[in-house]
Student: 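Just passing along the structure, written as structure tokens.
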Amino acid sequence: QEDLEALIAEFQSLDAKKTQVIESSCPPPSPRLNGSLSAHPEKDELILFGGEYFNGQKTYLYNDLYVYNIRKNSWSKVEIPNPPPRRCAHQAAVVPTAGGQLWVFGGEFASPNGEQFYHYKDLWVLHLATKTWEQIKASGGPSGRSGHRMVACKRQLMIFGGFHESARDYIYYNDVYAFNLESFTWSKLAPSGIGPTPRSGCQMATTPEGNIIIYGGYSKQRIKKDVDKGTLHTDMFLLKTEGAGKEEDKWAWSRLNPSGVKPTPRSGFSVAVGPNNRSLLFGGVHDEEEEESIEGDFFNDIYFYDIGKNRWFPGQLKGPKSEKRKRRRGRQAEAEGAGDEEMERQPPQDPVEIVKEVVAEDGTVMTIKQVISGAAEEKERSESEEDEEDRALSQQVEPCPRSNAMLTVKHGILYVYGGMFEVGDRQFTLSDLYSIDLHKMEEWKVLVEMDPKAQEWLEESESDEEDDDTEGAEGGEEEEESSEEESEDEGGEEQHPSVQPDEKHTDYLSRTEQYWIKLARTNMGPDAKEKKVVKVAHAMAKTFYEDSV
């Protein structure tokens, strides 16, 4: 703990040397997860703060501030003196006061080897109009934690849950705190009724009446020495106020039993508030714990919760060209006669998923998923220009499955940035940006594509582990930037499965086939046909081999 505090103090002394605000245009931020993405209350801008990145050997924490200009589709980096210390898994909430304020509470700092954690209990506000950070020191607030949830609700910041982990133990919380944005004072709520059990990473949303809704989350408990059992929560609660949003109000917990189609159990999902009195969640992961390993199923779906109707439903893409396709099919049916009319009445086939692979210079395989809706292959139709046009019309791009992404909504449009997914023991951290209009739900748009060169993965070794604490103490932004430059210039270090000198493609495929099949199956999902999985795996291996050679 003392070592981490010293490291944080060292970083803060470096930040204290900055004396003026510097705003400069820049490329998209580096890959990260567990940061915060917030919509500016007055401008067409998104604000990205903090987050973490793990390259297989070291954990990097950030406290940099990026602003995304929605109209220009451009990024700028804003360096402001005396920012909060580097952190991830914090919470941020925006209020419109005085030109806009971004409030940040809690989060964690990790040692470079990722085995020690320091949990913050500090409260900060970024004054957006003057571009100044201010730490708000008020007693009686929550204990240090990360994975908690915070929302702005009727001139108050409401905080629920989270966890604190030390080298020896951990604890999950289900307490509720309110910070008054007028008096700058904390109060701990003592609601009546039976509320949620302790958890982190849940969904927290406000209702128009000033009530709070809690859904899901994750917790773990020790069942015997060195053995923990994780729990994915799927229950839902309402925290109702009986007053006008004042500190002395009485609050009460009650259980919600929503109708509709609830999200499948998961952790690491991201949350936002959408239009039409709906909250939403995106992505996440369902870990299947086996004796010696954890295999995760990652998601890229959206679920909406209608607050007024107390109802869940999945978000489904309508497709921008559906009417045009109907008209084209109608004309085709007239031309081709009654035989084809019967085919028209047949139910449409399930969407077909196609995986495209992008191979970085260092051997990293990044995958982009595309969904082709409707019939993907029709025996009667030849590969004509018209066929190609139909497929182009029906092609849909979507974010690859991920957890711990950053999410926000502005003008009814959902923005998804970064996050991570895993393949075997390897973690892929993302830096892409997608958007979708929640009013229309027609298609995802790619605003920033994944940059394969930004991917770096270093295999663990004994010497690396020994050097972690000494080298990593300098970690953070400066080292991270230089490592990115090195990976761009030199192509990074050779990654598994490596290509040996003078190795023939057939020999390489036979040696690494199971690796590529596993990678393909992970990305295509459990329902993909084995024949298609093998075909995609061979294509990925061939691309990697040719690129390496």
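Note: hydrogens, waters and symmetry copies are ignored here, and every other heavy atom, side chains too, is used.
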Student: Answer whether the closest heavy-atom distance between the side chains of Tyr170 and Arg222 falls below 4.5 Å.
Tutor: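 Yes, at least one pair of side-chain atoms sits under 4.5 Å.
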Student: Evaluate the side-chain contact (heavy atoms from CB on, under 4.5 Å) criterion for residues Trp444 and Val397: first the C-alpha distance (whole Å), next the side-chain angles of each, then the deciding distance (0.1 Å), finally the verdict.
Tutor: CA-CA 6 Å; Trp444 284 98; Val397 175; 5.5 Å; no
Student: For Gly283 and Phe269, which heavy atoms make the closest approach, and how far apart are they?
Tutor: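 Gly283 and Phe269 have their closest heavy atoms at O-CB, 3.4 Å.
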Student: Quick check: does any side chain N or O of Asn404 sit under 3.5 Å from a backbone N or O of Leu33, one acting as donor and the other as acceptor?
Tutor: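 No; zero donor-acceptor contacts below 3.5 Å.
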Student: If you count the non-hydrogen atoms of other residues, nucleotides and ligands that lie under 6.0 Å from CD1 in Ile223, is the total more than 12?
Tutor: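 More than 12 within 6.0 Å, yes.
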Student: Run the side-chain hydrogen bond (donor to acceptor under 3.5 Å, both in side chains) check on Ser36 and Ser38 step by step: do they pass?
Tutor: CA-CA 6 Å; Ser36 58; Ser38 309; 4.8 Å; no
Student: Can you tell if the side chain of Leu407 reaches within under 4.5 Å of the side chain of Phe282, non-hydrogen atoms only?
Tutor: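 Touching, per the 4.5 Å side-chain cut-off.
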Student: Could you tell me if the side chain of Ile80 sits less than 4.5 Å from the side chain of Leu126, heavy atoms only?
Tutor: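 Of all side-chain heavy-atom pairs linking Ile80 with Leu126, at least one is under 4.5 Å.
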Student: Taking all heavy atoms of Gln156 and all of Leu181, pick out the closest pair and write down the distance.
Tutor: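 Smallest heavy-atom distance, with atoms named: N-CD1, 4.0 Å.
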Student: Are Ile436 and Leu317 close enough that some pair of their side-chain heavy atoms sits under 4.5 Å apart?
Tutor: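 With C-beta onward as the side chain, the pair touches.
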Student: Going through the checks in order, is the side-chain contact (heavy atoms from CB on, under 4.5 Å) test met by Asp432 and Glu449?
Tutor: CA-CA 5 Å; Asp432 49 0; Glu449 292 195 71; 5.9 Å; no
Student: Do Glu52 and Asn34 meet the criterion of a side-chain donor-acceptor pair at a distance under 3.5 Å?
Tutor: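 Judged by distance alone, the side chains do pair up.
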Student: Do the side-chain N and O atoms of Thr130 and Thr132 include a donor-acceptor pair separated by under 3.5 angstrom?
Tutor: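 Thr132 and Thr130 do have a side-chain donor-acceptor pair below 3.5 Å.
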Student: Do Pro208 and Asn277 come within less than 4.5 Å of each other through their side chains, counting heavy atoms only?
Tutor: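 Yes - at least one pair of side-chain heavy atoms lies under 4.5 Å apart.
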Student: For residues Ser192 and Lys250, determine if any side-chain heavy atom of one lies less than 4.5 Å from a side-chain heavy atom of the other.
Tutor: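 Ser192 does not reach Lys250 side chain to side chain.
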Student: Under the criterion salt bridge (charged side-chain N to carboxylate O under 4.0 Å, His left out), I'd like the reasoning laid out for Glu182 against Arg155: C-alpha separation, chi angles, the key distance, then a yes or no.
Tutor: CA-CA 7 Å; Glu182 291 172 347; Arg155 301 299 301 149; 3.6 Å; yes
Student: From the options Lys137, Arg87, Gln135, select the one residue that forms a side-chain hydrogen bond (donor to acceptor under 3.5 Å, both in side chains) with Asp122.
Tutor: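 Checked Lys137, Arg87, Gln135 against Asp122; only one passes side-chain hydrogen bond (donor to acceptor under 3.5 Å, both in side chains): Arg87.
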Student: Please round to the nearest 0.5 Å and tell me the distance separating atom CG of Asn69 and atom NZ of Lys43.
Tutor: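 Result: 9.5 Å between the selected atoms.
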Student: Centroid-to-centroid, Phe49 to Trp124, below 6.0 Å?
Tutor: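 No, the ring of Phe49 stays outside the 6.0 Å limit from the ring of Trp124, centre to centre.
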Student: Less than 3.5 Å apart, any donor N or O on the side chain of His411 or Asp44 sitting next to an acceptor on the other?
Tutor: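 Yes, side-chain donor-acceptor contact under 3.5 Å.
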Student: Quick one: closest heavy-atom pair of Glu209 and Thr241, and the distance?
Tutor: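 Glu209 and Thr241 have their closest heavy atoms at O-CG2, 4.4 Å.
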Student: Taking Thr206 for its side chain and Gly210 for its backbone only, find out whether a donor-acceptor pair lies under 3.5 Å.
Tutor: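 Such a contact is absent between Thr206 side chain and Gly210 backbone.
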Student: Decide yes or no on salt bridge (charged side-chain N to carboxylate O under 4.0 Å, His left out) for Lys262 and Asp235, but give the supporting numbers first.
Tutor: CA-CA 10 Å; Lys262 289 174 68 174; Asp235 46 6; over 6 Å; no
Student: Within 45° of the six-membered ring axis of Tyr415 and under 6.0 Å from that ring's centre, is NZ or CZ of Lys410 located there?
Tutor: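 Not flagged: Lys410 not positioned over aromatic ring of Tyr415.
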Student: Could you tell me whether Arg86 sits above the aromatic face of Phe11, with NZ or CZ closer than 6.0 angstrom to the six-membered ring centre and within 45 degrees of the axis?
Tutor: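 Yes, a cation-pi geometry holds between Arg86 and Phe11.
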Student: For Val67, run the side chain to side chain contact (heavy atoms under 4.5 Å, CB included) check against Ser74, Ser76, Cys26 and tell me which one passes.
Tutor: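 For Val67, the side chain to side chain contact (heavy atoms under 4.5 Å, CB included) check succeeds only for Ser76.
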Student: Nearest 0.5 Å, please: how far is CD1 in Ile214 from CZ in Arg255?
Tutor: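 Rounded to the nearest 0.5 Å, the CZ-CD1 separation comes to 13.5 Å.
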Student: Write down the atom of Ala272, the atom of Val409, and the distance for their closest heavy-atom approach.
Tutor: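 In this case the closest contact between Ala272 and Val409 is CB-CG2, 3.9 Å.
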Student: Just one of His233, Lys229, Arg199 clears the side-chain hydrogen bond (donor to acceptor under 3.5 Å, both in side chains) bar with Ser219, so which one?
Tutor: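 The residue from His233, Lys229, Arg199 that satisfies side-chain hydrogen bond (donor to acceptor under 3.5 Å, both in side chains) with Ser219 turns out to be His233.
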Student: Taking distance alone, no hydrogens or angles, what donor-acceptor pairs closer than 3.5 Å link side-chain atoms of residues 144-153 to residues at least two apart or in another chain?
Tutor:
unit_1: Arg145; atom_1: NE; unit_2: Ser143; atom_2: O; d: 3.1
unit_1: Arg145; atom_1: NH1; unit_2: Gly161; atom_2: O; d: 2.9
unit_1: Arg145; atom_1: NH1; unit_2: Asp175; atom_2: OD1; d: 2.7
unit_1: Arg145; atom_1: NH2; unit_2: Ser143; atom_2: OG; d: 3.1
unit_1: Arg145; atom_1: NH2; unit_2: Asp175; atom_2: OD2; d: 3.0
unit_1: Ser146; atom_1: OG; unit_2: Glu108; atom_2: OE1; d: 2.6
unit_1: Ser146; atom_1: OG; unit_2: His119; atom_2: ND1; d: 3.2
unit_1: His148; atom_1: NE2; unit_2: Phe105; atom_2: O; d: 3.0
unit_1: Arg149; atom_1: NE; unit_2: Cys202; atom_2: O; d: 2.7

Student: Hey, does Val416 have a side-chain heavy atom less than 4.5 Å from the side chain of Glu398?
Tutor: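 They are not in side-chain contact.
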Student: Which heavy-atom pair separates Leu438 from Gly274 by the least distance, and what is that distance?
Tutor: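 The answer is CD1-CA, 4.2 Å.
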Student: Should we count NZ of Lys220 as having more than 12 external heavy atoms under 6.0 Å?
Tutor: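 Counting other residues, nucleotides and ligands, NZ of Lys220 exceeds 12 neighbours.
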Student: Please identify each residue that fulfils ring-ring contact (aromatic ring centres under 6.0 Å, His included) with Phe179, with sequence neighbours left out.
Tutor: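 Here the qualifying residues are Trp103, Phe184, Trp186.
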Student: Apply salt bridge (charged side-chain N to carboxylate O under 4.0 Å, His left out) to the pair Arg311 and Asp306, showing each step before the final yes or no.
Tutor: CA-CA 5 Å; Arg311 177 175 168 267; Asp306 189 310; 5.8 Å; no
Student: Please work out which of the three classes, parallel, tilted or perpendicular, describes the rings of Trp75 and Tyr68, given edges at 30° and 60°.
Tutor: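 It falls in the tilted class, 30° to 60°.
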Student: Please lay out, stage by stage, how Leu37 and Ile47 fare under the test side-chain contact (heavy atoms from CB on, under 4.5 Å).
Tutor: CA-CA 5 Å; Leu37 186 65; Ile47 304 158; over 6 Å; no
Student: Does atom CG of Asp425 have more than 12 heavy-atom neighbours, drawn from other residues, nucleotides or ligands, at distances under 6.0 Å?
Tutor: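 Incorrect, the count does not exceed 12.
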Student: What's the shortest heavy-atom distance between Ser30 and Tyr62, and which atoms?
Tutor: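 Heavy-atom minimum between the residues: OG-OH, 3.9 Å.
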Student: Kindly indicate, with the supporting measurements, whether the criterion side-chain contact (heavy atoms from CB on, under 4.5 Å) is fulfilled by Gln91 and Leu157.
Tutor: CA-CA 11 Å; Gln91 282 288 279; Leu157 298 175; over 6 Å; no
Student: Is the closest side-chain heavy-atom distance between Val271 and Tyr215 below 4.5 Å?
Tutor: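 No; the side chains remain at least 4.5 Å from each other.
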